[in-house]
Number of protein chains: 2
Amino acid sequence: MSTETLVPVFAALGDETRWSVLEALGDGEASASALAGRLPVTRQAIARHLSVLEGAGLVEAVRAGREVRYRVLASRLSATARRLDAIGAEWDRRLAAIREIAEGL
Amino acid sequence: MSTETLVPVFAALGDETRWSVLEALGDGEASASALAGRLPVTRQAIARHLSVLEGAGLVEAVRAGREVRYRVLASRLSATARRLDAIGAEWDRRLAAIREIAEGL
DNA sequence: GCTTCCTGCAATGATTCAGTTGCACAAGAC
DNA sequence: GTCTTGTGCAACTGAATCATTGCAGGAAGC
């Protein structure tokens, strides 16, 4: 997972409503219409959010007859967490090195 | 780190320019004016981004005379990564349980 | 066939956001 | 004291985004 694909994931996760959608999908896969029944937004709004989440690779669309069900891709979350952890560790390393140089002066 | 404070962090990380700012701060703490010399945006734009990053707890302001230097808080990154990993694991657990029930039918 | 439900596209409105310019003020440098 | 440099606030523009309503099409159910 490169840094370029990382930014859209964070952008997708940086919205409260989208977290509601993800939480609702935690009960199992569901269609946009089904989610609209549980959340205080219209079906179209949810469809847009699902499209954003799908673009970020956080959910996956599955056709089931005439309806389209969405399911969470937990692997994407884990991969993002790993990348974030690696970046944090890298920063720790660099900042520690800077501190060391500063003390050496 | 609660879920509420998590969303602003993701929103802050969901912007390419903000990543440029963070990367530039990886070389050590710097002021908004100094960063403006290295990035293709004005000082005010950078100041706004730094304000967002500070609000998310990703950077910290340090007064040094008349200038305000910002430094990365790598710990926030690590904490966010841990939370994300925990959420991913929780989803894995729930989705596995659902799958198990579905097979049991 | 007809009806019903779910999806998809288009247009609109309101809000937010990124970025700019301009100006005022404060603190070092000389 | 004067000049320079860094910061802060305010107003403005343009673009993106969130959410809405309305309507058309398509696939199952009867």
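So you know, we letter chains A, B, ... as the sequences are listed, proteins then strands, and number each from 1. We use all heavy atoms of the structure for the numbers below, so side chains are in, but hydrogens, waters and symmetry mates are not.
- Straight-line distance from the CZ atom of Arg66(B) to the P atom of dG6(D): 6 Å, rounded to whole Å.
- Computed from C1' positions of five pairs at each end, the angle between the two local axes of the helix from dG1(C)-dC30(D) to dC30(C)-dG1(D) equals 30°, rounded to 10 degrees.
- Between the C1' atom of dA18(C) and the CG atom of Leu53(B) lies a distance of 14 Å, rounded to the nearest Å.
- Between the P atom of dT7(C) and the CD atom of Glu54(A) lies a distance of 13 Å, rounded to the nearest Å.
- Between Ala11(A) and Ser33(B), it is Ser33(B) whose nearest contact on DNA chain D lies nearer the 5' terminus.
- Proximity of Arg63(A) to the phosphate of dT7(C): no side-chain N or O atom is located under 4.0 Å from OP1 or OP2.
- The side chain of Ala32(A) lies closest to dT7(C), out of dT7(C), dT7(D), dG26(D).
- The main-chain N or O of Ala11(A) is found under 3.5 Å from a side-chain atom of Arg18(A) such that the two form a donor-acceptor pair.
- Note: Arg76(B) CZ to Glu60(B) CD = 12.0 Å, rounded to the nearest 0.5 Å.
- Here CG of Asp92(A) is found 9.0 Å from CG of Leu77(B). Values are rounded to the nearest 0.5 Å.
- Between Asp15(A) atom CG and His49(A) atom NE2 the span is 5.0 Å, to the nearest 0.5 Å.
- Between Leu25(B) and Trp91(A), every side-chain heavy-atom pair lies at or beyond the 4.5 Å cut-off.
- Going from atom CD of Glu16(B) over to atom C1' of dA15(D) covers 17 Å, rounded to whole Å.
- Between the CD atom of Glu67(B) and the P atom of dG28(C) there is a distance of 10 Å, rounded to whole Å.
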Using a cutoff of under 3.5 Å, can you pull out all pairs of nitrogen or oxygen atoms linking the protein to nucleotides 19-22 of chain D, with atom names and distances?
residue	atom	partner	partner atom	Å
dA19(D)	OP1	Thr17(A)	OG1	3.2
dA19(D)	OP2	His49(A)	NE2	2.3
dT20(D)	OP2	Thr42(A)	N	2.8
dT20(D)	OP2	Thr42(A)	OG1	2.5
dG22(D)	O6	Gln44(A)	NE2	3.1

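- Nearest heavy-atom pair, Leu35(A) versus Ala24(A), reported as atom, atom and distance to 0.1 Å: CD2-CB, 3.6 Å.
- The CD1 atom of Ile46(A) sits 11.0 Å away from the OH atom of Tyr70(A) when rounded to the nearest 0.5 Å.
- Here the closest non-hydrogen pair linking Ala61(B) and Val68(B) is CB-CG1, 3.9 Å.
- Across Ala81(A) and Asp85(B), no two heavy atoms sit closer than the pair CB-N, 3.5 Å.
- At a threshold of 4.0 angstrom between heavy atoms, the contacts of Arg18(A) are confined to the sugar-phosphate backbone, with no base atom among them.
- Nucleotide dA28(D) holds its P atom 12 Å from the CZ atom of Arg69(A), rounded to whole Å.
- Residue Leu35(B) contributes atom CG, which lies 14 Å from atom P of dG19(C) at whole-angstrom precision.
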